[in-house]
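One structure coming up, written as C-alpha cells, with questions to follow.
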Amino acid sequence: MRRNHQSLSDAEITRRARVNPQYLQRHRDLKADAEAVRAHLAADRPRAQAAAAAGREAALMMENRMLLAQIADLRRDLETARAELRAVRARDLAANARGDLASRPTRDTEIEALRRGRDAALAAVRRAEADLLAQRNVVQRLIAENTRLIGSAGPPSLPG
C-alpha cells in the first residue's frame, strides 16, 4: 500500500499475502498497521489516531501475554525448588527415623552435605519466591498501566 499509494482492503491484503482470511483478525498489530497506512493515504487524522490507539492496545496486550508467560515460568521454577526441598527434608527425616545419624558417627560428612543441600534448596526457594513476588508486582503495575492506557484511548472509531 505504501509503495503504490493504494489503499487495500483486509481481504485483498490477505489474498495477496496468501494467508488465511482471518489472519489479520488474529494479528491485531498488523491490522492496526494496515489501518494506519489507509488513514495516512486518505489523510484522515482521526482515523490515523484511532489506528495508532489500536496499535498501542495490541502491543500492550502482547506485553501482557508475555508477562503472564514469565509468571508461569517462575511458578514452575518455584515448584521445582519446593520439590527439591521436600526431598531433602524427607531424606533427613528418614535418616533420623532409622537412627542412622546417632549410630554411625562416620556419616557426619554425609549429614553435613545433606544439610548444605537442604540449606541451598531452601535459599533457592526463598529467592524464587522473592522473584515471583517482584514479577507479580511488576505485572500488576503493567496491567494497571495498560488498562489505564487502553481506557484513556477511548473506543476506536470505526470508519463510516
Side-chain angles (χ1 to χ4, degrees), residues 10-11 13-39 48-158:
D10 288 351
I13 291 170
T14 57
R15 186 189 66 74
R16 288 185 183 189
R18 295 184 183 131
V19 294
N20 184 301
Q22 300 302 315
Y23 187 83
L24 289 177
Q25 299 303 322
R26 289 191 309 268
H27 297 275
R28 294 178 64 195
D29 56 330
L30 297 176
K31 184 173 177 71
D33 289 345
E35 186 59 29
V37 172
R38 285 189 204 107
Q49 289 174 341
R56 283 190 303 273
E57 181 180 348
L60 292 171
M61 292 173 93
M62 176 62 76
E63 185 178 1
N64 280 349
R65 282 193 295 272
M66 290 179 357
L67 290 170
L68 291 172
Q70 286 177 350
I71 287 174
D73 290 343
L74 286 170
R75 284 184 175 151
R76 278 191 297 277
D77 291 346
L78 178 60
E79 283 307 311
T80 300
R82 284 181 175 163
E84 290 172 1
L85 181 60
R86 282 191 297 270
V88 168
R89 286 179 178 164
R91 279 194 305 263
D92 284 352
L93 288 173
N96 282 333
R98 287 191 312 262
D100 287 346
L101 295 176
S103 64
R104 300 195 55 193
T106 59
R107 294 188 56 193
D108 283 344
T109 57
E110 184 180 331
I111 293 168
E112 284 305 312
L114 288 173
R115 285 184 179 146
R116 282 192 300 274
R118 179 197 61 205
D119 293 344
L122 184 57
V125 167
R126 287 185 179 138
R127 283 191 305 274
E129 285 177 339
D131 288 346
L132 180 60
L133 182 60
Q135 287 293 328
R136 185 177 295 148
N137 289 338
V138 168
V139 167
Q140 286 174 345
R141 285 194 303 269
L142 287 172
I143 289 173
E145 180 65 16
N146 289 351
T147 303
R148 186 188 64 77
L149 289 172
I150 291 169
S152 68
S157 61
L158 297 175

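Residue numbers count from 1 along this sequence.
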Q: Could you tell me the separation between the CD atom of Glu63 and the CG atom of Leu68, rounded to the nearest 0.5 Å?
A: 10.5 Å
**Q.** Arg118 to Leu85 - nearest heavy-atom pair and separation
**A.**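 Between these two residues, the closest heavy atoms are O-CD1, 3.7 Å.
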(Q) I need the Met61 CE to Asn64 CG distance, nearest 0.5 Å. (A)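 If we round to the nearest 0.5 Å, Met61:CE and Asn64:CG are 8.0 Å apart.
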(Q) Applying the salt bridge (Lys or Arg N to Asp or Glu O under 4.0 Å) criterion to Asp10, which one of Arg16, Arg38, Arg15 satisfies it? (A) Arg38
**Q.** Derivation and outcome, side-chain contact (heavy atoms from CB on, under 4.5 Å), residues Arg116 and Asp119
**A.** CA-CA 5 Å; Arg116 282 192 300 274; Asp119 293 344; 5.6 Å; no
(Q) Could you report the tightest heavy-atom contact between Val125 and Leu78, atom names first, then the distance? (A)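 In this case the closest contact between Val125 and Leu78 is O-CD1, 3.8 Å.
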Q. Using 4.0 Å as the upper bound for N to carboxylate O, is an ion pair formed by Arg76 and Glu79?
A.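 Result for this pair is no, no salt bridge flagged.
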Q: With rounding to the nearest 0.5 Å, note down the distance linking CZ in Arg141 to CZ in Arg148.
A: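 One finds 14.0 Å between CZ of Arg141 and CZ of Arg148.
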Q) Which heavy atom in Ile13 sits nearest to a heavy atom in Ala34, and how many Å separate them? A) CD1-CB, 3.8 Å
Q.
Any non-hydrogen side-chain atom of Ile71 less than 4.5 Å from a side-chain atom of Leu132?
A.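 Ile71 reaches Leu132 side chain to side chain.
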Q: Return yes when atom CZ of Arg18 has more than 12 non-hydrogen atoms of other residues, nucleotides or ligands closer than 6.0 Å, and no otherwise.
A: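 Count not over threshold, so no.
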Q: Mind listing the closest non-hydrogen atom pair of Val88 and Leu114 along with its distance?
A: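 Taking every non-hydrogen atom into account, CG1-O, 3.8 Å.
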(Q) Could you check whether any side-chain heavy atom of His27 comes within less than 4.5 Å of a side-chain heavy atom of Met62, counting everything from C-beta outward? (A)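 His27 vs Met62: side chains apart.
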Q.
Between Leu24 and Glu35, is the side-chain contact (heavy atoms from CB on, under 4.5 Å) condition met? List the steps.
A. CA-CA 11 Å; Leu24 289 177; Glu35 186 59 29; over 6 Å; no
(Q) Set out, in order, the CA-CA distance, both residues' side-chain angles and the distance that settles side-chain contact (heavy atoms from CB on, under 4.5 Å) for Arg89 and Leu122, then state yes or no. (A) CA-CA 10 Å; Arg89 286 179 178 164; Leu122 184 57; 4.1 Å; yes
Q: Measure the spacing between CG of Leu30 and OG1 of Thr14 and express it to the nearest 0.5 Å.
A: 12.0 Å
Q | Gln70 CD to Gln135 CD distance, which is reported to the nearest 0.5 Å | A | 5.5 Å
Q. Could you go step by step and tell me if Asn137 and Gln140 meet the side-chain contact (heavy atoms from CB on, under 4.5 Å) rule?
A. CA-CA 5 Å; Asn137 289 338; Gln140 286 174 345; 3.9 Å; yes
Q. Hey, what do you get for CG (Asp92) to CZ (Arg115), rounding to the nearest 0.5 Å?
A. 7.0 Å
**Q.** Carboxylate-amine/guanidinium proximity below 4.0 Å for Arg91 and Glu110
**A.** no
